[in-house]
There are 2 protein chains.
Amino acid sequence: MVQAKKSFDSFFKSAFTVDNVIFGFDDGKLKVLLIRRNEDPYADFWALPGYFVQQHEDLDDAAQRVLRETTGLENVYLEQLRSFGAPGRHEFGRVITVAYYSLVKVADFELHAASIAEEVAWHNVEDISVLAFDHEDIVQVALNRLKRRIRTRPVGFELLPPAFTLTDLQHLYEAVWEVDLEKRNFRKKFLSMNLLRDLGRSQTGVAHRPAKLYSFDEKRYRELEEEGFNFEMKEGKRK
Amino acid sequence: MVQAKKSFDSFFKSAFTVDNVIFGFDDGKLKVLLIRRNEDPYADFWALPGYFVQQHEDLDDAAQRVLRETTGLENVYLEQLRSFGAPGRHEFGRVITVAYYSLVKVADFELHAASIAEEVAWHNVEDISVLAFDHEDIVQVALNRLKRRIRTRPVGFELLPPAFTLTDLQHLYEAVWEVDLEKRNFRKKFLSMNLLRDLGRSQTGVAHRPAKLYSFDEKRYRELEEEGFNFEMKEGKRK
DNA sequence: ACAAAAGTGTTCGTACTACACCCATGC
DNA sequence: GCATGGGTGTAGTACGAACACTTTTGT
């Protein structure tokens, strides 16, 4: 057996990393959290938060760790995308990366931003251009996944604060799908899923009729997460 | 720079493999191609075809290679699922595996079966129990992916012979989804997509009215592959 | 003529679309 | 009182669900 093992030694010369596409939603726009690298390769480039996986660390745990180290957040939505492993993608040797994406509430993040050493910043998805490694590809895959996910699972709430208006929710869908939706139909359909809980409160201090605040019903959320749903909607007319 | 690299050496001690869930459809049942391992670890266990990725080999290429070596097939449908990397999943060291699944036509495979050394066999999906490593988990993930994919993309054809009947196609959906579907609605909906081409031929030698044979329209296939579709259908009454 | 699967048409209900107006608040 | 976004009701339509009978072949 030890002999059998010996013959495989040449394969045990690779490393792997996790990289995390952290999505946030703020100011009506979909954002991705990027760090500016302070070491080679790709020093000074913007990149996805990520790092080498420890020898005895589970992949999901490594992704959680990176998230904690970058944002101070724990227990957020995290899902593996897939791996990227083109030879030559990393100049130190063969490194494949396991890509994840997560959904966080931007407000929670602000509280812990101070704990970070490197430069960290939210970037509008539409403004992202050149990134380190193959990270642009990863962002693209993450974005496609998110577009499908919010149609299929009630994950949108992970991006919204604990109390939000129907218009906030609609703006989120519009930002992710890059479309405009028809207000009445959006509300009707979303409310008919019984997923929203009317908090009985309203906005204050706005220069117009204040909107009702909602949270989502956790029990119903889990039901729908199980069975999945199909939230489709035709694009409305451009405003 | 060389010094910077040095400090990362401890990470370059891992290996990775590709494993492939090869789906086939025969005799009205969904099948997975398994090999019986002839070396440790897990000697004599049934397992997914897979092997270590070479140092300068792309992940997709490695998956293609495994497919070629196991089945003799090339140019088949292949898609990455995700990676599995629990520490301790492989007794030789840290090995993460990048899982793929592919869709093949069982008839094509039979022709090349002789080229394989180990025992290779199709197993009904429902009969798969204990497999090597974490391969049961991988099969489960592949199965869930396939269930969603045939609702979303016209990939079902990859599993069918070049000429098939509508009933064949219906049986495929029924096998993958594990439901019974209503004949008339299935036909109406599928035909309305303009995806099928009537070959003008029929079955011969069957003891009942012969069914028309269809192939799929490649141009329309690619269109729908781009834009995606949503083929949903309520379960019909049990027969 | 009988068995066995192929094939087809219609009604009903529901859910999505499209559309225009009144309401509550801040300034 | 006016500007700003919040909030609602309805008619038309299109598509999915449910359902039963006729057709073509082999034996």
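Chain letters run A, B, ... following the sequence lines, proteins first, then strands; residues in each count from 1. All heavy atoms count here, side chains included; hydrogens, waters and symmetry mates do not. This structure is a prediction, so every number in the text was calculated from the model and none was measured.
- Looking at heavy atoms from C-beta onward, B:V76 lies out of side-chain contact with B:I22 at the 4.5 angstrom threshold.
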Protein-nucleic acid N or O pairs under 3.5 Å, nucleotides 9-16 of chain D:
from	atom 1	to	atom 2	distance (Å)
D:dT10	O4	A:K188	NZ	2.7

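- Residue A:K212 places no side-chain atom within donor-acceptor reach of the base of D:dG6, judged by atom type and a 3.5 Å distance cut-off alone.
- Taking the centre of each ring, B:F133 and B:F45 stay at or above the 6.0 Å mark.
- In this structure, the ring of B:F231 has its center less than 6.0 angstrom from the ring center of B:F186.
- One finds no side-chain N or O of A:T167 lying less than 4.0 angstrom from the OP1 or OP2 phosphate oxygen of D:dG5.
- Among residues at least two apart or in separate chains, salt bridge (charged side-chain N to carboxylate O under 4.0 Å, His left out) pairs with a member in residues 140-149 of chain B are B:E79-B:R145, B:E79-B:R149, B:K147-B:E178.
- Between B:F25 and B:F164, the ring centre distance reaches or exceeds 6.0 Å.
- Following rounding to the nearest Å, A:K183 (NZ) and C:dA18 (C1') show an atom-to-atom distance of 14 Å.
- Using modelled atom types, one finds a donor on one side chain and an acceptor on the other under 3.5 Å when comparing A:E232 with A:N230.
- The interatomic distance linking A:F186 (CZ) with C:dA18 (P) rounds to 16 Å, in whole Å.
- Following rounding to the nearest Å, B:Q170 (CD) and C:dA6 (C1') show an atom-to-atom distance of 12 Å.
- Side-chain atoms of B:Q80 come within 3.5 Å of backbone N or O of A:S83 as a donor-acceptor pair.
- Rounded to whole angstrom, the span from the CZ atom of B:R187 across to the P atom of C:dT8 amounts to 7 Å.
- For A:H123 (side chain) and A:I128 (main-chain N/O), no donor-acceptor pair under 3.5 Å exists by modelled atom type.
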Pairwise N/O distances under 3.5 Å, protein to nucleotides 25-27 of chain D:
from	atom 1	to	atom 2	distance (Å)
D:dT25	O2	B:H208	N	3.4

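- Counting heavy atoms from C-beta outward, B:D217 and B:N194 have side chains that stay 4.5 Å or more apart.
- Residue A:L169 contributes atom CG, which lies 12 Å from atom P of D:dG7 at whole-angstrom precision.
- Atom-to-atom, CG of A:L166 to C1' of D:dT8 comes out at 12 Å; the value is rounded to the nearest Å.
- Rounded to whole Å, the distance from CG on B:L181 to P on D:dA18 is 12 Å.
- In this structure, B:F164 places its CZ atom 21 Å from P of C:dA5, rounding to the nearest Å.
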